[in-house]
Protein chains: 2
Amino acid sequence: MSLDKVDYVTEEAPRQATIFDVARLAGVSHQTVSRVVNDLPNVRPSTRVRVEEAIKKLRYVPSPAARALVTRRSRTIGLIATGGPEYGPSSTVLYFNAAARDARWSVFTANMTDSDPSSIRGAVEAFLRQNVEGIAVISGHEGSADVVAGMELTIPLVALEATPHAGLATVGADQYNGARNAVRHLIELGHRGIAHLAGPADSVDARERERGWRDELGANDLAARVIGIGDWSPSSGHRFGEACDLSGLTAIFAANDQMSIGLIHALNARGLAVPADMSIIGFDDIPEAAYVSPPLTTVRQDFETIGRDMLSTLLSRINGESATELPQSLPTLIERASTGLARRAS
Amino acid sequence: MSLDKVDYVTEEAPRQATIFDVARLAGVSHQTVSRVVNDLPNVRPSTRVRVEEAIKKLRYVPSPAARALVTRRSRTIGLIATGGPEYGPSSTVLYFNAAARDARWSVFTANMTDSDPSSIRGAVEAFLRQNVEGIAVISGHEGSADVVAGMELTIPLVALEATPHAGLATVGADQYNGARNAVRHLIELGHRGIAHLAGPADSVDARERERGWRDELGANDLAARVIGIGDWSPSSGHRFGEACDLSGLTAIFAANDQMSIGLIHALNARGLAVPADMSIIGFDDIPEAAYVSPPLTTVRQDFETIGRDMLSTLLSRINGESATELPQSLPTLIERASTGLARRAS
DNA sequence: AAGCAAACTGTGAGCGCTAACAACTTTTCA
DNA sequence: TGAAAAGTTGTTAGCGCTCACAGTTTGCTT
């Protein structure tokens, strides 16, 4: 399959070979060529070989357009991604794409910074016209997947971080238990006043992390307090870190690493040391997390696995193997230096 | 164009309308419908209106497959992205995609973590089969764009960060002058021993930044010393920060922010304060840069502009408007707190 | 009012492929 | 040995669209 040093389109443009060219060269009908190409049975081995040789000789490659026209299939997936270049989503997108490549599927990507329903619908409509066989939604915004699900497509749909929904498969890490583990770690260090710096309200992941935090606190008869609702960005973490009321607190669980970084920076500016005065735990384990000061204790998500799981889930839906167990990984706690033993709350 | 609450594919599957359905309803020939759809002249206004109404009523949308089959055009672009989820490239990919959406073009993305020539060729071949009308390469690896360029395609090609090459348009920020500005800033602060923590050797951007650093130093009769060649990651910055010889140095220009972060962390561990003992300047201005300790002085690249410029360059090539001036923006210096006045070198 | 150009509109072919079925071989088994 | 069964191959008809060109109408001259 791998051809070296080929003039893909030479000046004389010898017109890409068609199925008929191959048929003529092999001395068979075009239909037989089609059978060979599609690996259908009932072709005599000797004929098959002859056809394969002709294919190789002519460098024949079937036209996806012609194929799509008649089969209404395209071996193509549509991917909708909303939000900016945050580490988590963009990693997931990247690995989803890589997995698709490995599986020899093509993917159309529609990136949009907002998650305006009509933009999303527009993107889906464009995908539909292209005969995509499935749609994946990787969105930080809760509504996005529901918008697509609400279109009641006949093609499978898989979404990252969305509420379970009829006809909508969701894949992702277990944010809830990841968050509980984070909080449990804090409790084990002796902390009792553990606040939360939440992620955006329209993010299911953010809400799951908050719920995990709240439940773990509840299970230990501890009070819950949210010090702010950020937008995942370091600057939002910084903003809340500057302004929030820290009384009674010895630890803060931030909804992601980037906000942790902003938060720590603001805390330092207020004369508070981390973790001596305040323990901070993040979420995601971005590459920088190990190298900021102090190195961040966090909960690692494996975005590569998530992206690949999304693809394989979608592909199995496309192949009709519906309702298999949906993959869900458990994020793991990474202990570094931003958490420490609790001191008496100030 | 925006339809609300539509059953995109109802259970009875009333077969997506074709051009003939529209023609029948409007009482014209399919060819006239085609003219209206493609906005060709010589259609009586009243006829045009009638056809447009029929289109709207039937929710007719032309089939890209059929169109591509006959025109051999697809209004589709192939995007090749190599490397992992680093901030710069993934942002560029994202904004490229967003710009394409705005222009109503579809884009196939082929993401690969490596930049193996045969993978790249494979991706290009797949794109060609899909009748893409142009290819964009966003790669951290130098060879990538050249591999594609070497295939001598007849469709336009645009690449980020690549050496100028026949038939290859490159778009990007002016890494060289950005780097010179960074170094000049250091010199203005009184630094004389200014080392460089370089990016990977196979990256043109990395080499341009190094060249800028070297030339600015040379222009001021200062000696140049590279303390390491990293891979853009914080951990590589950290590694070199731990081991390098710092004698005679009061400042280090790191090839990107992430390596700066790792570097600073290692320096701190060696008992060196930034910027008191050593000034550090990075490149890119990632969102975290302002919130690490100390906030990073860096050179900001506008990835959104780069991504959008890549798209518009590619589109204008596709439309035959060749050889327009290639956009190149100048990254801007962002002064924060990781650089300070030079002390006497140790 | 005839005549001609310009403006419109329609017809037929064919892009490259697969689906459906017809036709021809070979094998199998009574 | 012959007929049915199984295996193999070919034929035809589209998929939905655009292109090239033919045909029809309309507007403008003289």
task = Under the salt bridge (charged side-chain N to carboxylate O under 4.0 Å, His left out) rule, what do Lys57(A) and Glu53(A) come out as? Steps first, then yes or no, please.
result = CA-CA 6 Å; Lys57(A) 187 161 185 184; Glu53(A) 277 166 359; over 6 Å; no
query = Checking salt bridge (charged side-chain N to carboxylate O under 4.0 Å, His left out) for the pair Asp116(A)/Arg121(A): CA distance, chi angles, key distance, verdict?
reply = CA-CA 9 Å; Asp116(A) 175 34; Arg121(A) 268 195 283 264; over 6 Å; no
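Residue Asn38(B) has a polar side-chain atom (N or O) positioned under 4.0 Å from OP1 or OP2 of dT18(D). Taking 4.0 angstrom as the limit, Arg44(B) places none of its side-chain polar atoms (N or O) nearer than this to OP1 or OP2 of dC8(C). Of the side-chain N and O atoms in Thr47(A), none sit less than 4.0 angstrom from OP1 or OP2 of dT8(D). Under 4.0 angstrom from either OP1 or OP2 of dG10(C) there lies at least one side-chain N or O belonging to Thr32(B). Taking side-chain N and O atoms only, Arg72(B) has a distance below 4.0 Å to OP1 or OP2 of dG16(C). Residue Ser29(B) places at least one side-chain N or O closer than 4.0 Å to OP1 or OP2 of dG10(C). When the side-chain nitrogen and oxygen atoms of Ser34(A) are compared with OP1 and OP2 of dT18(C), one or more of them lie within a distance under 4.0 Å.
Taking for each of Arg50(A) and Ser63(B) the nucleotide of DNA chain D with the nearest heavy atom, the 5'-most of the two is the partner of Arg50(A). Both Gln31(A) and Pro41(A) sit near DNA chain D, but only Pro41(A) has its closest nucleotide nearer the 5' end.
Ring-centre distance between Phe303(B) and Tyr95(B): not below the 6.0 Å cut-off.
For the pair Arg35(A) CZ and dT9(D) C1', the computed distance is 6 Å after rounding to whole Å. The separation between Arg75(A) atom CZ and dT18(C) atom C1' is 17 Å, rounded to whole Å. Distance Ile55(A) CD1 to dC17(C) P: 10 Å, rounded to the nearest Å. One atom, CD of Gln130(A), and another, P of dC17(D), lie 13 Å apart when rounded to the nearest Å. A straight line from CZ of Phe20(A) to P of dG10(D) spans 12 Å, rounded to a whole angstrom. Atoms CG (Asn42(B)) and P (dG10(C)) sit 13 Å apart, rounded to a whole Å. Atom CG in Asn131(A) sits about 15 Å away from atom P in dT18(C), given to the nearest Å. For Leu69(B) and dC17(D), the CG to P distance is 12 Å, given to the nearest whole Å.
Between the side chains of Arg67(A) and Asn38(A), at least one donor-acceptor pair of N or O atoms lies under 3.5 Å.
Looking at every heavy atom in both residues, Leu311(B) comes nearest to Ala103(B) through CD2-CB, 4.3 Å.
Comparing atom distances between the Thr18(B) side chain and each of dA7(C), dG16(D), dT18(C) picks out dG16(D) as nearest. Listed nucleotides dC17(D), dC17(C), dC21(C) differ in distance to Ile19(A); the shortest reach to its side chain belongs to dC17(C). Of the candidates dC17(D), dA7(C), dC17(C), the closest approach to any side-chain atom of Val70(A) belongs to dC17(C).
Counting only distance, with no hydrogens or angles, the side chain of Glu133(A) and the backbone of Ser74(A) share a donor-acceptor pair below 3.5 Å.
Remark: the His30(A) side chain and the dT12(D) base include a donor-acceptor N/O pair separated by less than 3.5 Å.
Looking at heavy-atom distances under 4.0 Å, Val37(A) makes no contact with the nucleic acid at all.
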